Amino acid sequence: MPAQFEDVVVETDLLILGGGMAACGAAVEAAYWAKKHGLKVTLVDKAAVDRSGAVAMGLSAINQYIGLKDGQNTVKDYVEYVRNDLMGITREDLVANIARHVDSTVHLFEKWGLPIWKDEQGNYVHEGRWQLMINGESYKVVVAEAAKNALLQDGVGQIFERVFIVGPLMDGDRCAGAVGFSVRENKFYVFKAKATIVAMGGAVHVFRPRSVGEGLGRAWYPPWNAGSSAYFTIQAGAEMTCQEVRFIPVRFKDAYGPVGAWFLLFKSRATNALGGDYMVERRDELEKWAPYGRVKPIPANLRNWLGMLDVMEGKGPIYMRTEEAIAKIAEQYKDDPKLYQKKMRELENEAWEDFLDMTISQALLWAATNVEPEKKPSEIAPAEPYFIGSHSGASGAWVSGPEDLQTDESRPLYFWGYTNMSTVKGLFCAGDASGASSHKFSSGSCTEGRIAAKSAIKFIVENNTMPNVDEAQVKAWKERIFRPLELFEKHKNETTDPDINPNYIRPRMFMFRLQKIMDEYAGGVSAQFSTNEALLKRALELLGYLKEDSEKLAAENLHELMRCWENIHRMWQAEAHVRSVLFREETRWPGYYFRADKPKMDEENWRVFVNCRWDPKTGEWQMFKRPVIRIFD
Ligand code: SFD
Ligand code: AMP
């Protein structure tokens, strides 16, 4: 089978993996610096850059904007916000580096054509303190266009779409590029590069989703981000961080519509079936999680937790009180009936647009279930867990911070020469791929891509040699990558039902197995997000069997081959997660997961990062702590 796949070898200076917010930011910045140094940049996306990644459907807000120029906030304010929201565990140098540059990225978005809401005075309309409202249906198209223009002008770069990246090429301890395959043509791609930026997003469908049957595949996080960043960096031998810090967004139930605009812009409450407001009635619970339980805004996981307690006590469903929020805003205009009508229409439009801008399926579900938000509340629920280090989770690779933001204490631990370089030489990470720097969102991820690209070009200029790629390594990858096609061809006629075969497992069934393990043993929806040491150990045992069976994944065509590799990527993300949850012997993020056997937060022993590394030479995992160092007092 591999013989039928043409080898395409691409040599480049900088390789950007992914085509999402971070990758597009990297492309724009890299093109600028590459031109100056006569270097070549190559971007590879498994999909089409115009609509790939988390922003595919568009977004209704830019969630990170500091407002430095207008003196609205300081970088330190943002660092404090992120530190508190992550229950004390964050890399302040990384957060601050993004925060001090993010406004300029937002101004670029506007220059490129993204409509940002303005008030009568011409100021941005804020959703909350850090968030700006946008007409964002075409957000990704706008950013993709800028990336393409930057790369394709003057021959500085090239873009490969519909090429699925599988894993890294290595030259000893230096990353030498990547391998992958076209999902449309019989082509095997070998990318050789002096530096590589990983920006392939986070991971979804590692845990069993709430959606089943006809809704299967519907999730909050985009189904096409399947843990490729984590797999790539783990396989390269990079140190990983915060692999236990999953994200559970509370969303409008079943279609996963966003809640931010409701809570922040419309100032809505969420109440239980009895009309009780868990944020008020359960305030005392927050003391157990002090000092973080005392901060404003209350950390996202604690907001989740208070609602979950209601559900566990049988007080569900939980409703977003859309009708109450709209009525309250419109009330100010009640003395002028005409104005009142106008305001009501405006609010109704904004409510629908929020979904139409970024989660169209929620608007469809509202329409299908006769929801008129001004008349009737809507159910919300915590979603299944996702890995998205750029949002309110934190999982990703452990990367170097910028030199100028280090203290004497942090420099030896947080800085190793090139900003955003992982612990592997020449391998840079941004967006969901880099860890411990949460709350980057779309704007911060694009900013971090820019930061990583500038730094990677510096690395290339200072290490301007093409790494050696051993042909045996390439051959071994090729054989492994296409094995599922061979297996299917060889055994497909041995049973009457191609889904059931003693010699192979198809990726869909494999994914169900992975999801069942994670859901039941690692604190998924059906386990009420709760787990313990014994369950986690059992999860590892079952994941071990699954890993053995991954050698028997089979694919009927190229699309299914991609599904096979997506699930292998997910499986490694799952393992890193289970090992990290097991290693951290406390509960720090109730509302994301609860260690029932260690039900308390332990500031003395566990106000640390949990890091891990898989050793490519021995195949062994190492788990260890790294200190959390305060940079901003
Ligand atoms: O409100 C391979 N996010 C929001 N951010 C905001 O600023 N405002 C919002 O309104 C946001 N909302 C939101 C958000 C996310 C999601 C999923 C929803 C709603 C439903 C967060 C941002 O979207 C997020 O932080 C950034 O997009 C992260 O950027 P990045 O670059 O790390 O990931 P990406 O954009 O998803 O891109 C990933 C790329 O990798 C490609 N890829 N390519 C080759 N080979 C492989 N094996 C690959 N695997 C993946 C993808 O195709 C893609 O190009 S709100 O709800 O929070
Ligand atoms: P979401 O739609 O939940 O992703 O939220 C969008 C943005 O608003 C993110 O920055 C969230 O952290 C923030 N956010 C959402 N709900 C709240 C809330 N109740 N209090 C404070 N911030 C919130």
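Counting starts at 1 for both ligands and their atoms, in listed order. This structure is a prediction, so every number in the text was calculated from the model and none was measured.
Atoms of ligand 2 found under 4.0 Å from any heavy atom of Pro297, numbered from 1 in the order shown, are 21 (C). Residue-ligand proximity, Tyr81 to ligand 2, at heavy-atom distances under 4.0 Å covers atoms 10 (O), 12 (O). Per-residue contacts place His391 under 4.0 angstrom from the following atoms of ligand 2 (heavy atoms of the residue considered): 4 (O). Every atom of ligand 1 with a heavy atom of Ala199 under 4.0 Å away is listed here by number and element: 38 (C), 39 (C), 40 (O). Proximity to Phe263 (heavy-atom distance under 4.0 Å) selects the following atoms of ligand 2: 16 (N), 19 (N).
Looking at atom 52 (O) of ligand 1, its nearest protein heavy atom turns out to be Asp45 OD1, 2.7 Å. Distance from atom 15 (C) of ligand 2 to its nearest protein heavy atom, with residue and atom name: Arg303 NH2, 3.7 Å. Looking only at heavy atoms of the protein, atom 24 (C) of ligand 1 is closest to Ser390 OG, 3.5 Å.
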Please test Lys440 against Glu448 for salt bridge (charged side-chain N to carboxylate O under 4.0 Å, His left out), starting from the C-alpha separation and ending with a verdict.
CA-CA 8 Å; Lys440 314 179 232 207; Glu448 200 182 25; 2.8 Å; yes
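Heavy atoms of Val163 found under 4.0 angstrom from ligand 1 belong exclusively to the backbone.
Qualifying ring pair (Phe, Tyr, Trp, His ring centres under 6.0 Å) partners for Tyr221, counting only residues two or more places apart in sequence or in other chains: none.
Ligand 2 has a nitrogen or oxygen under 3.5 angstrom from a nitrogen or oxygen of Gly260. Close N/O approach between Glu127 and ligand 2 is not found [any backbone or side-chain N/O within under 3.5 Å]. Ligand 2 has an N or O atom lying under 3.5 Å from an N or O atom of Gln131, backbone or side chain.
Between Trp220 and Phe247, the ring center distance clears the sub-6.0 Å criterion.
Not a single heavy atom of Val259 sits closer than 4.0 Å to an atom of ligand 1.
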